[in-house]
Amino acid sequence: MTTPAEPTESRALLPGGVELAYDTFGSPSADPLLLIMGLGGPMTWWDVQLCEQLAEAGFYVVRYDNRDVGHSSPHPSDERITLARLARAFAGLPTQAPYTLDDLADDAAALLTHLDIDSAHVWGVSMGGMIAQTLAIRHPDRVRSVCSTMSTTGHRAVGFQHPTLLPALVIKKPGLEGYIERQIKGGVQIGSPAFPEPEDDVRRRAIETWNRGVSSAAVARQMLTVLTQPDRTEALGRLRVPFSVIHGLNDKMVHVSGGRATAAAVPGAELTLFKGMGHDLPRPLWPAFIRVVRRTAGRAADHASRAGDRPVTA
């Protein structure tokens with residue numbers, strides 16, 4: 001199989017001074033689809049072939065590095081978060097994060113403005129799903145539909161992770177080989193047991209990510225953002241946008257209860273659960289993911305033609 005060429009990367013300077021790296025796939029005249037990656041993940045974790053397939057499904061695809069990731073702006077103070085501070089937040093004790101999900105959602109809205117996109121369909125995974133939810137809450141006029149994948153509501157009783165996973169999110173062993181080792185072990189620990197990713201693919205992506213820029217301090221800052229997020233359940237209940245939830249039944253990073261709670265919170269939301277799926281986007285499930293995203297976008301078109309009506313559950 002021929003490896004697709006990487007698209008041309010661009011940069012967007014947002015009004016608050018944050019600069020985001022992004023690229024696009026497909027025709028600007030197609031339905032805009034904003035892809036939001038999760039904790040510590042650059043936009044390249046949205047596989048080029050997946051993005052191309054989304055473009056073939058009728059989307060103008062935009063993927064980007066969240067602030068503090070990859071080629072986007074790092075946190076200006078390079079504030080380092082200790083494991084003790086993360087553990088405090090994990091326990092639910094008052095802890096302040098350097099930036100919040102609100103900040104990250106506002107970045108997404110500002111990127112759409114930079115691209116002259118009035119509103120877009122949004123697909124977010126893990127922390128990206130939390131950002132997508134927050135974007136729809138804070139900027140409902142900018143969101144046509146939402147697909148929240150392997151994410152949660154922020155309520156502490158759902159979407160939990162096992163405490164033993166927390167230290168593994170903070171890179172300890174230095175250097176490229178240490179990072180590759182962490183990615184391979186992490187894939188075994190939290191990946192999809194029914195769809196194991198070939199180790200060569202994990203290694204290739206790890207090298208690509210390392211070359212793009214990896215910061216253990218940034219990963220810890222984003223982890224603190226996730227651990228200090230508010231409970232969005234009530235706010236999600238006020239959404240009137242076509243909304244879909246995808247979750248794996250074998251997700252150890254964000255328990256499936258988080259996906260179920262998200263779907264239960266949003267009026268008319270569609271819930272799709274996959275056996276054997278963990279906390280990743282396994283290639284064999286791409287066609288099913290694309291069908292959900294495309295179907296949700298279709299509901300948005302129907303929703304727009306019947307303004308004020310409640311979205312229909314698929």
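If you're wondering where the values come from, they're calculated on a predicted model, not measured in any experiment.
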All side chain to side chain donor-acceptor pair (under 3.5 Å) counterparts of Arg260, not counting sequence neighbours: none
Short side-chain donor-acceptor distance under 3.5 Å, Gln49 and Arg283: yes
Intermediate values then yes/no, salt bridge (Lys or Arg N to Asp or Glu O under 4.0 Å), Arg138 and Asp102: CA-CA 8 Å; Arg138 289 176 63 81; Asp102 286 356; 3.2 Å; yes
Nearest-0.5 Å distance that lies between atom CG in Asp107 and atom NE2 in His114: 13.0 Å
Distance-only side-chain donor-acceptor flag, Asp231 / Thr233, under 3.5 Å: yes
Distance, nearest 0.5 Å, that separates CG of Asp103 from CD1 of Ile131: 10.5 Å
Spacing of CD1 belonging to Ile246 relative to CG belonging to Leu285, to within rounding of 0.5 Å: 9.0 Å
Side-chain touch Ile137/Leu239, heavy atoms, less than 4.5 angstrom: yes
Any donor-acceptor pair under 3.5 Å from Arg238 side chain to Val266 backbone: no
Ala132 versus Val146, closest heavy-atom pair with distance: CB-CG1, 4.2 Å
Any residue meeting side-chain contact (heavy atoms from CB on, under 4.5 Å) with Arg156, in chain and number order, not counting sequence neighbours: none
Working for side chain to side chain contact (heavy atoms under 4.5 Å, CB included), residues Arg63 and Ile36: CA-CA 7 Å; Arg63 62 177 188 171; Ile36 310 179; over 6 Å; no
Approximate separation, where rounding is to 0.5 Å, of Leu135 CG and Leu34 CG: 7.5 Å
Heavy-atom side-chain proximity of Ile180 to Glu177 below 4.5 angstrom: yes
Set of residues satisfying side chain to side chain donor-acceptor pair (under 3.5 Å) with respect to Thr44, sequence neighbours excluded: none
Close side-chain approach of Phe289 and Phe274, heavy atoms under 4.5 Å: yes
Parallel, tilted or perpendicular: rings of Phe59 and His121 (30°, 60°): perpendicular
Salt bridge flag under 4.0 Å for residues Asp68 and Arg221: yes
Residue pair Thr153 / His155: nearest heavy atoms and the distance that separates them: OG1-N, 3.1 Å
Sidechain-backbone polar pair: Arg88 side chain, Thr95 backbone, donor-acceptor under 3.5 Å: no
Met37/Tyr64 under side chain to side chain contact (heavy atoms under 4.5 Å, CB included): CA gap, chis, key distance, verdict: CA-CA 8 Å; Met37 187 39 68; Tyr64 70 101; over 6 Å; no
Nearest heavy-atom neighbours spanning Leu271 and Gly259: CD1-O, 4.0 Å
Where Ala300 and Ser145 come nearest, the two heavy atoms and their spacing: CB-CB, 4.1 Å
Partners meeting ring-ring contact (aromatic ring centres under 6.0 Å, His included) with Trp46 (sequence neighbours left out): Trp123
Short N-O contact, Glu19 and Arg67, less than 4.0 angstrom: no
Residue pairs, two or more places apart or on separate chains, that pass ring pair (Phe, Tyr, Trp, His ring centres under 6.0 Å) and touch residues 132-151: none
Within one Ile-Leu-Val-Met-Phe-Trp-Tyr cluster: Leu112 and Leu13, side-chain cutoff 4.5 Å: no
Interatomic spacing from CG in Leu224 to CD in Gln229 - rounded to 0.5 Å: 11.5 Å
Partner set under ring-ring contact (aromatic ring centres under 6.0 Å, His included) for His75, not counting sequence neighbours: Tyr99
Single-linkage hydrophobic cluster, 4.5 Å side-chain cutoff, Val158 and Leu227 together: no
Exercise: identify the closest heavy-atom pair between Leu35 and Cys51: CD1-SG, 3.8 Å
Intermediate values then yes/no, side chain to side chain contact (heavy atoms under 4.5 Å, CB included), Tyr179 and Ile207: CA-CA 8 Å; Tyr179 182 72; Ile207 293 172; over 6 Å; no
Set of residues satisfying ring-ring contact (aromatic ring centres under 6.0 Å, His included) with respect to His255, sequence neighbours excluded: Phe160
Within-4.5 Å side-chain heavy-atom neighbours: Asp31 and Arg144: yes
All side chain to side chain donor-acceptor pair (under 3.5 Å) counterparts of Ser192, not counting sequence neighbours: Asp280
Pair listing, side-chain hydrogen bond (donor to acceptor under 3.5 Å, both in side chains) test, anchored in residues 125-135, at least two apart: Ser126-His279, Gln133-Ser148, Gln133-Arg232
Evaluation steps, side chain to side chain contact (heavy atoms under 4.5 Å, CB included), between Thr225 and Met130: CA-CA 10 Å; Thr225 295; Met130 303 167 195; over 6 Å; no
Presence of salt bridge, Glu9 and Arg212, under 4.0 angstrom: yes
Listed once per pair and sorted, the salt bridge (Lys or Arg N to Asp or Glu O under 4.0 Å) pairs that draw on residues 242-254, sequence neighbours left out: none
CD/Glu208: more than 12 non-hydrogen atoms of other groups inside 6.0 Å: yes
Heavy-atom check, side chain of Met277 versus side chain of Asn250, under 4.5 Å: no
Val143-Leu115 co-clustered via ILVMFWY side chain contacts under 4.5 Å: yes
Check: Met43 and His71 side chains under 4.5 Å, non-hydrogen atoms: no
N-O pairing of Arg11 and Asp65 below 4.0 Å: no
Any residue meeting side-chain contact (heavy atoms from CB on, under 4.5 Å) with Thr24, in chain and number order, not counting sequence neighbours: Tyr22, Tyr60, Val62
Over 12 foreign heavy atoms within 6.0 Å of CG, Asp200: no
Which residues share a side-chain contact (heavy atoms from CB on, under 4.5 Å) with Arg80, sequence neighbours left out: Asp78, Ser216, Ala217
Side chains of Thr228 and Thr100 in contact at under 4.5 Å (non-hydrogen atoms): no
Reported CZ-to-OG1 distance for the pair Arg204 and Thr209, which is rounded to 0.5 angstrom: 9.0 Å
Residue pair Gly159 / Thr152: nearest heavy atoms and the distance that separates them: CA-OG1, 3.6 Å
hydrophobic_cluster_shared for Val69 and Met253, side chain cutoff 4.5 Å: no
Any Ile81 side-chain heavy atom under 4.5 Å of Pro98 side chain: yes
